[in-house]
> 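Questions regarding the structure given below will be posed in turn.
All values below were derived from every heavy atom in this structure, side-chain atoms included, with hydrogens, water molecules and symmetry-related copies excluded. Residue numbers count from 1 along this sequence.
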Amino acid sequence: MPRLGPGRPRVRPAHVLGDKGYSSRAIRTWLRHRGIPHTIPERADQVRNRLRRGSRGGRPPAFDKQVYKRRNVAERCFNPMARHRDPLRQDRRALPSSRHPRLAPDVGVTFDDNS
(Lines give C-alpha, C1' and ligand atoms only; values in the text may rest on other atoms or scores of the structure.)
Protein backbone atom coordinates (compact mmCIF):
# COMPACT_ATOMS: atom_id res chain seq x y z
CA MET A 1 0.00 0.00 0.00
CA PRO A 2 1.46 3.37 -0.93
CA ARG A 3 2.22 5.91 1.78
CA LEU A 4 1.10 9.52 1.61
CA GLY A 5 4.38 10.90 2.92
CA PRO A 6 8.00 9.82 2.85
CA GLY A 7 9.07 6.51 4.29
CA ARG A 8 8.67 2.83 3.78
CA PRO A 9 5.39 1.66 2.21
CA ARG A 10 2.86 0.01 4.49
CA VAL A 11 2.80 -3.74 4.34
CA ARG A 12 0.21 -4.47 7.02
CA PRO A 13 -3.48 -4.56 6.25
CA ALA A 14 -5.75 -2.05 7.98
CA HIS A 15 -8.18 -4.81 9.02
CA VAL A 16 -8.49 -8.55 8.38
CA LEU A 17 -11.87 -10.18 7.72
CA GLY A 18 -11.89 -13.97 7.81
CA ASP A 19 -14.37 -16.80 7.86
CA LYS A 20 -14.63 -19.55 10.47
CA GLY A 21 -11.87 -21.52 8.79
CA TYR A 22 -9.35 -18.94 10.08
CA SER A 23 -10.65 -19.02 13.65
CA SER A 24 -7.71 -20.58 15.44
CA ARG A 25 -5.83 -19.41 18.50
CA ALA A 26 -2.56 -19.33 16.54
CA ILE A 27 -3.93 -17.04 13.82
CA ARG A 28 -5.59 -14.69 16.30
CA THR A 29 -2.40 -14.53 18.39
CA TRP A 30 -0.29 -13.82 15.30
CA LEU A 31 -2.59 -10.96 14.27
CA ARG A 32 -2.72 -9.49 17.79
CA HIS A 33 1.07 -9.70 18.13
CA ARG A 34 1.44 -7.61 14.99
CA GLY A 35 -1.26 -5.13 15.96
CA ILE A 36 -3.56 -6.03 13.07
CA PRO A 37 -7.26 -5.67 13.93
CA HIS A 38 -9.36 -8.62 12.83
CA THR A 39 -12.96 -9.78 12.65
CA ILE A 40 -13.23 -13.58 12.56
CA PRO A 41 -16.27 -15.49 13.87
CA GLU A 42 -15.72 -18.32 16.33
CA ARG A 43 -16.38 -21.91 15.27
CA ALA A 44 -19.12 -23.78 17.12
CA ASP A 45 -16.66 -26.27 18.63
CA GLN A 46 -14.52 -23.43 20.00
CA VAL A 47 -17.57 -21.80 21.59
CA ARG A 48 -18.63 -25.14 23.07
CA ASN A 49 -15.16 -25.84 24.50
CA ARG A 50 -14.88 -22.34 25.94
CA LEU A 51 -18.27 -22.63 27.64
CA ARG A 52 -17.43 -26.12 28.91
CA ARG A 53 -14.42 -24.71 30.75
CA GLY A 54 -16.61 -22.17 32.54
CA SER A 55 -14.80 -19.18 34.02
CA ARG A 56 -11.45 -20.68 32.97
CA GLY A 57 -12.59 -20.67 29.35
CA GLY A 58 -11.83 -17.01 28.99
CA ARG A 59 -13.64 -14.21 27.31
CA PRO A 60 -14.97 -14.69 23.77
CA PRO A 61 -13.00 -12.85 21.08
CA ALA A 62 -14.45 -9.54 19.95
CA PHE A 63 -16.70 -9.81 16.92
CA ASP A 64 -18.34 -6.89 15.10
CA LYS A 65 -21.29 -8.03 12.99
CA GLN A 66 -21.45 -4.76 11.03
CA VAL A 67 -17.79 -5.02 9.99
CA TYR A 68 -18.20 -8.71 9.10
CA LYS A 69 -21.08 -7.88 6.75
CA ARG A 70 -18.58 -6.05 4.51
CA ARG A 71 -16.76 -9.33 3.87
CA ASN A 72 -19.19 -10.29 1.11
CA VAL A 73 -17.96 -7.39 -1.04
CA ALA A 74 -14.61 -9.13 -1.49
CA GLU A 75 -16.30 -12.50 -1.99
CA ARG A 76 -18.48 -11.11 -4.78
CA CYS A 77 -15.37 -9.82 -6.56
CA PHE A 78 -13.59 -13.19 -6.51
CA ASN A 79 -16.50 -15.54 -7.18
CA PRO A 80 -16.98 -14.57 -10.86
CA MET A 81 -13.29 -15.26 -11.48
CA ALA A 82 -13.54 -18.65 -9.76
CA ARG A 83 -16.32 -19.69 -12.13
CA HIS A 84 -14.01 -19.18 -15.11
CA ARG A 85 -10.89 -20.84 -13.76
CA ASP A 86 -8.97 -23.49 -15.65
CA PRO A 87 -11.11 -26.60 -16.26
CA LEU A 88 -10.26 -29.89 -14.62
CA ARG A 89 -7.56 -32.00 -16.22
CA GLN A 90 -9.99 -34.54 -17.66
CA ASP A 91 -12.07 -31.75 -19.23
CA ARG A 92 -9.17 -29.98 -20.95
CA ARG A 93 -9.26 -32.20 -24.00
CA ALA A 94 -12.97 -31.53 -24.48
CA LEU A 95 -12.54 -27.74 -24.78
CA PRO A 96 -10.65 -26.07 -27.62
CA SER A 97 -7.69 -24.11 -26.28
CA SER A 98 -9.04 -20.84 -27.68
CA ARG A 99 -12.10 -21.05 -25.42
CA HIS A 100 -10.15 -21.20 -22.15
CA PRO A 101 -10.78 -18.06 -20.12
CA ARG A 102 -7.92 -15.65 -19.65
CA LEU A 103 -7.92 -13.23 -16.71
CA ALA A 104 -6.92 -9.69 -17.49
CA PRO A 105 -5.90 -7.39 -14.65
CA ASP A 106 -8.47 -4.70 -13.74
CA VAL A 107 -10.73 -5.81 -16.60
CA GLY A 108 -12.30 -9.08 -15.46
CA VAL A 109 -12.66 -12.20 -17.56
CA THR A 110 -11.91 -12.15 -21.27
CA PHE A 111 -11.96 -14.88 -23.89
CA ASP A 112 -9.67 -15.42 -26.86
CA ASP A 113 -11.61 -14.97 -30.10
CA ASN A 114 -9.47 -17.10 -32.39
CA SER A 115 -12.22 -19.50 -33.44
Side-chain angles (χ1 to χ4, degrees):
M1 291 184 248
R3 265 188 144 11
L4 296 176
R8 187 174 167 202
R10 286 187 57 150
V11 293
R12 292 185 184 176
H15 197 96
V16 173
L17 296 172
D19 59 5
K20 290 183 180 185
Y22 296 98
S23 176
S24 71
R25 180 179 293 159
I27 291 174
R28 288 180 193 275
T29 304
W30 188 87
L31 291 168
R32 273 192 216 106
H33 178 70
R34 283 155 183 78
I36 300 171
H38 54 278
T39 303
I40 304 171
E42 256 188 318
R43 288 194 311 260
D45 66 330
Q46 291 174 332
V47 173
R48 193 171 47 247
N49 290 335
R50 185 173 41 78
L51 294 176
R52 179 181 52 81
R53 292 175 55 105
S55 62
R56 293 177 302 144
R59 188 171 64 182
F63 181 73
D64 188 356
K65 287 185 179 181
Q66 296 303 319
V67 172
Y68 190 69
K69 286 180 183 178
R70 295 189 313 212
R71 184 176 159 268
N72 77 1
V73 174
E75 293 289 332
R76 286 192 316 232
C77 292
F78 285 104
N79 284 341
M81 290 191 292
R83 273 182 281 183
H84 297 290
R85 65 178 171 231
D86 198 28
L88 297 173
R89 187 180 61 162
Q90 59 267 25
D91 295 337
R92 284 188 188 147
R93 292 189 198 113
L95 293 173
S97 62
S98 64
R99 299 318 261 159
H100 285 243
R102 183 186 67 214
L103 297 178
D106 298 328
V107 176
V109 178
T110 60
F111 288 90
D112 292 330
D113 292 328
N114 296 335
S115 56

> Could you check whether any side-chain N or O of H38 sits under 3.5 Å from a backbone N or O of I36, counting only pairs where one atom can act as donor and the other as acceptor?
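Here the side-chain-to-backbone pair exists.
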> Hey, mind stepping through R43 and R48 against side chain to side chain contact (heavy atoms under 4.5 Å, CB included) and telling me if it holds?
CA-CA 9 Å; R43 288 194 311 260; R48 193 171 47 247; over 6 Å; no
> Roughly how far, to the nearest 0.5 Å, is CZ of R50 from CZ of R59?
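One finds 11.0 Å between CZ of R59 and CZ of R50.
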> Does any non-hydrogen side-chain atom of T39 lie less than 4.5 Å from one of V16?
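Contact flag for V16/T39 side chains = no.
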> What distance separates K69 NZ from L17 CG, expressed to the nearest 0.5 Å?
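So the NZ of K69 and the CG of L17 are separated by 13.5 Å.
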> Are R28 and S23 linked by a side-chain donor-acceptor pair shorter than 3.5 Å?
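Side-chain D/A pair, R28 to S23: present.
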> So for atom OH, which belongs to Y22, do other residues, nucleotides or ligands contribute more than 12 heavy atoms lying within a distance under 6.0 Å?
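Counting neighbours around OH of Y22, 12 or fewer heavy atoms of other residues, nucleotides or ligands fall under 6.0 Å, so no.
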> Find the distance between CG (D45) and CZ (R52) and round it off to the nearest 0.5 Å.
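It comes to 10.5 Å.
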> Which atoms form the tightest heavy-atom contact between P37 and A14, and what is the distance?
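Heavy atoms only, the tightest pair is CG-O, 3.0 Å.
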> So V47 and P60, do their side chains get closer than 4.5 Å, heavy atoms only?
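With C-beta onward as the side chain, the pair stays apart.
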> Quick check: does any side chain N or O of R12 sit under 3.5 Å from a backbone N or O of R34, one acting as donor and the other as acceptor?
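Confirmed, R12 side chain pairs with R34 backbone.
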> Hey, are the side chains of I40 and K20 touching, using non-hydrogen atoms and a 4.5 Å cut-off?
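Side-chain contact under 4.5 Å: no.
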> Closest approach of Y68 and P41, non-hydrogen atoms and distance?
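What the structure gives for the nearest pair is CE1-CD, 3.6 Å.
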